Amino acid sequence: MYRRNVRLRKEYLYRKNLEGDERQLYEKKRKIREALQEGKPIPTELRNEEAKLRQEIDLEDQNTAVPRSHIDDEYANATEKEPKILLTTSRDPSAPLTRFVKELNIVFPNAKKLNRGSQVISEIIETARSHDFTDVIFVSENRGKPDGLIISHLPFGPTAYFQLLNVVTRHEIQTKKEMGKMSEQYPHLIFEHFTTQ
């Protein structure tokens with residue numbers, strides 16, 4: 001497992017280093033494209049590479065015209081497999097926090113709740129990686145009230161912190177009979193008739 005993490009980190013850093021070279025190549029192609037469109041002569045610093053760059057420009061399509069960053073690659077395969085989310089709390093959670101995490105477990109499809117116990121965050125992350133979780137959500141509390149969400153995308157991030165204010169769970173709104181059962185239907189997103197890309 002340790003060797004695999006080292007290899008993944010090296011690949012990640014290598015891809016990140018390649019971005020600088022791709023950005024320079026993109027700028028060269030952009031200068032040639034502008035010169036051709038405006039009917040101006042090719043810049044002198046690019047005349048030696050002009051034939052090769054023109055050939056690459058001709059082969060480009062919508063996906064390859066703009067260089068992609070390592071951040072874009074992080075979510076490139078998001079549509080191919082369902083996200084798998086691990087939910088956990090701070091140590092020794094209060095009753096309101098456990099109720100809130102139960103509701104989050106219903107809100108996020110394909111989420112699993114983990115009782116943290118005495119585990120350290122690094123152990124939880126390693127467990128999530130070994131079981132192919134795509135995201136980890138830590139829910140924290142202050143004086144018995146949920147006050148923060150830390151969402152981390154695995155294996156390398158990004159990580160975001162969201163502060164929660166005045167959290168009211170559905171159990172605090174009405175009686176159980178009036179509240180009914182919460183739907184466990186997967187969210188359905190409608191993307192029809194959108195004209196932007």
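This is a predicted model, so every value here is computed, not measured.
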Rounding to 0.5 Å, atoms CD1 (Ile125) and OG1 (Thr127) come to a distance of 9.0 Å
Quiz item: Applying the 4.5 Å side-chain criterion to the ILVMFWY set and letting contacts propagate, would Ile121 and Val136 be lumped into a single cluster?
Solution: yes
Sequence neighbours excluded, the answer for side chain to side chain donor-acceptor pair (under 3.5 Å) partners of Asn48 is none
side-chain contact (heavy atoms from CB on, under 4.5 Å) between Asn110 and Ile85, worked out:
CA-CA 6 Å; Asn110 212 11; Ile85 301 170; over 6 Å; no
Q | Phe138-Val101 co-clustered via ILVMFWY side chain contacts under 4.5 Å | A | no
ask   = Does a donor on one side chain and an acceptor on the other come within less than 3.5 Å for Ser140 and Asp147?
value = yes
Rounded to the nearest 0.5 angstrom, the OG-CG distance for Ser118 and Asp92 is 11.5 Å
CG of Leu46 to NZ of Lys52, rounded to nearest 0.5 Å, is 12.0 Å
Common cluster, Ile32/Leu25, ILVMFWY with side-chain heavy-atom separation under 4.5 Å: yes
Could you check whether any side-chain heavy atom of Asp135 comes within less than 4.5 Å of a side-chain heavy atom of Ser152, counting everything from C-beta outward?
no
Check the pair Glu126 / Arg129 against salt bridge (charged side-chain N to carboxylate O under 4.0 Å, His left out), numbers first and verdict last. CA-CA 5 Å; Glu126 287 304 316; Arg129 279 187 183 152; 3.3 Å; yes
Could you check whether any side-chain N or O of Arg91 sits under 3.5 Å from a backbone N or O of Gln119, counting only pairs where one atom can act as donor and the other as acceptor?
yes
Heavy-atom closest pair (Ala128 atom, Leu86 atom, distance to 0.1 Å) is CB-CD2, 3.9 Å
Those residues at least two apart in sequence (or on a different chain) that pass salt bridge (Lys or Arg N to Asp or Glu O under 4.0 Å) with Arg116 are none
**Message:** Within the 4.5 Å heavy-atom criterion, are Ile151 and Phe162 side-chain neighbours or not?
**Reply:** yes
Besides Val120, the hydrophobic cluster formed by Ile, Leu, Val, Met, Phe, Trp and Tyr side chains linked at under 4.5 Å, directly or via other members, contains none
Separation between CG (Leu97) and OG1 (Thr169), nearest 0.5 Å, reads 11.0 Å
Scanning both residues in full, the closest heavy-atom pair of Pro43 with Ala35 reads CD-CB, 4.4 Å
Main-chain N/O of Lys84 paired with Thr134 side-chain donor or acceptor, under 3.5 Å: yes
- [ ] Just do the side-chain contact (heavy atoms from CB on, under 4.5 Å) check on Lys29 and Tyr26 with the steps written out, would you?
- [x] CA-CA 5 Å; Lys29 289 181 198 175; Tyr26 171 72; 5.6 Å; no
As a quick check of understanding, evaluate side-chain contact (heavy atoms from CB on, under 4.5 Å) for Leu149 and Ile137, giving each step before the final call. CA-CA 7 Å; Leu149 288 176; Ile137 299 177; 3.8 Å; yes
- Query: Shared ILVMFWY cluster between Ile124 and Ile150, side chains joined below 4.5 angstrom?
  - Reply: yes
Would you indicate whether the side-chain heavy atoms of Gln163 and Leu165 approach each other to under 4.5 Å?
yes
Does any N or O in the side chain of Thr89 come within less than 3.5 Å of the main-chain N or O of Val139, such that one atom is a donor and the other an acceptor? no
### Query
Can you check whether Ser94's main-chain N or O pairs, donor with acceptor, with Glu141's side chain at less than 3.5 Å?
yes
When rounded to the nearest 0.5 Å, the distance separating CG of Asn105 from CG of Leu114 is 11.0 Å
Partner of Glu34 under side-chain hydrogen bond (donor to acceptor under 3.5 Å, both in side chains), picked from Lys31, Gln37, Arg30, is Arg30
- What about Tyr161 and Leu154, same hydrophobic cluster or not, with Ile/Leu/Val/Met/Phe/Trp/Tyr joined at side-chain heavy-atom distances under 4.5 Å? yes
Rounded to the nearest 0.5 angstrom, the CG-CZ distance for Leu87 and Phe133 is 9.0 Å
Q | Note, Leu164 side chain near Lys145 side chain (heavy atom, < 4.5 Å) | A | no
